[in-house]
Amino acid sequence: DGGITQSPKYLFRKEGQNVTLSCEQNLNHDAMYWYRQDPGQGLRLIYYSQIVNDFQKGDIAEGYSVSREKKESFPLTVTSAQKNPTAFYLCATGHPRDTEAFFGQGTRLTVV
Amino acid sequence: DAKTTQPPSMDCAEGRAANLPCNHSTISGNEYVYWYRQIHSQGPQYIIHGLKNNETNEMASLIITEDRKSSTLILPHATLRDTAVYYCIVRDRGAGNNRKLIWGLGTSLAVNP
């Protein structure tokens with residue numbers, strides 16, 4: 001539904017491990033985005049990509065990495081360098097000249 | 001920092017209109033007002049956007065003041081499923097300004113039976 005699939009919905013990892021969150025879309029949108037949301041806070045931009053093989057850092061990119069090898073896919077890796085990785089992660093898509101109007105259902109990552 | 005100010009919470013009776021205010025006193029001429037909502041533990045959902053004229057769609061109406069310094073989102077007949085956090089965001093839709101929305105804390109709307 002909505003054409004954006006984030007998986008899994010819940011993810012648990014041990015501290016010090018890298019983990020990759022999946023985001024796939026079939027909306028044919030050029031732009032894709034990753035946000036992080038912490039309890040009681042608004043969304044903060046981690047990385048975004050406006051076209052295949054290109055991506056830019058957002059406001060809180062430290063400790064994260066992304067790739068954009070296909071238009072449909074924009075995976076986010078949370079590395080061990082991220083000091084507070086436990087959060088709700090949201091992927092969004094849109095047209096480059098339009099707003100990122102479409103969101104996935106999110107992945108809740110818990111690092112123990 | 002977010003460029004909008006919203007009350008942190010509001011209540012509304014089921015079946016009544018919910019009027020959610022937003023102040024954006026520093027809005028510039030080419031910035032649009034967008035509204036999203038987020039139901040608990042889900043991704044945000046786009047509701048409506050506008051520049052200067054009032055807008056209406058199947059979900060809501062958006063009333064923007066003549067000076068554009070504030071707006072109101074109206075849910076005409078609120079249901080329990082409208083309980084969510086509502087975000088008001090201003091954004092420039094011009095070229096080169098497409099990369100992000102700046103999210104504030106929104107208004108937590110509780111629709112009561």
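Sequence lines set the chain letters: A, B, ... in the order given, protein chains first and strands last, and positions in each chain run from 1.
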Chemist: Can you give me the closest heavy-atom contact between A:Gln41 and B:Tyr87, atom names plus distance?
Modeler: O-OH, 4.2 Å
Chemist: Drop me the distance from B:Ser41's OG to A:Lys9's NZ, to the nearest 0.5 angstrom.
Modeler: 6.5 Å
Chemist: Taking B:Gly106, B:Gly43, B:Ser108 one by one, which has the highest count of heavy-atom pairs under 4.5 Å against chain A?
Modeler: B:Gly43
Chemist: Following the transitive rule for hydrophobic clusters with a side-chain heavy-atom cut-off under 4.5 Å over Ile, Leu, Val, Met, Phe, Trp and Tyr, establish whether B:Ile27 and B:Ile63 coincide in one cluster.
Modeler: no
Chemist: Any chance the rings of A:Phe103 and B:Trp103 have centres within less than 6.0 Å?
Modeler: yes
Chemist: Would a hydrophobic clustering, with Ile, Leu, Val, Met, Phe, Trp and Tyr connected at side-chain separations under 4.5 Å, put A:Trp34 with A:Ile4?
Modeler: no
Chemist: Quick one: what part of A:Gln56 sits under 4.5 Å from any heavy atom of chain B, side chain, backbone, both or neither?
Modeler: neither
Chemist: Looking only at heavy atoms, what is the nearest atom pair of B:Pro44 and A:Leu43, with distance?
Modeler: CG-CD2, 4.0 Å
Chemist: Flag yes if A:Tyr48 and A:Val66 sit in one hydrophobic cluster, no otherwise; membership is Ile, Leu, Val, Met, Phe, Trp, Tyr, and two members link when side-chain heavy atoms are under 4.5 Å apart.
Modeler: no
Chemist: Counting only non-hydrogen atoms closer than 4.5 Å, does A:Arg44 touch chain B with its backbone (N, CA, C, O), its side chain (CB onward), both, or neither?
Modeler: neither
Chemist: Can you get from B:Tyr46 to B:Leu51 by hopping between Ile, Leu, Val, Met, Phe, Trp and Tyr side chains that sit under 4.5 Å apart?
Modeler: yes
Chemist: Where do A:Phe88 and B:Gln38 come nearest, in terms of heavy atoms and distance?
Modeler: CE2-NE2, 4.0 Å
Chemist: Is it true that B:Leu73 and B:Leu80 fall in one hydrophobic cluster, defined by side-chain heavy atoms closer than 4.5 Å?
Modeler: yes
Chemist: Let me confirm one number: the CD-CZ distance from B:Gln45 to A:Phe102, rounded to the nearest 0.5 Å.
Modeler: 10.5 Å
Chemist: Using non-hydrogen atoms and a 4.5 Å limit, figure out which bit of A:Leu90 sits close to chain B: side chain, backbone, both or neither.
Modeler: side chain
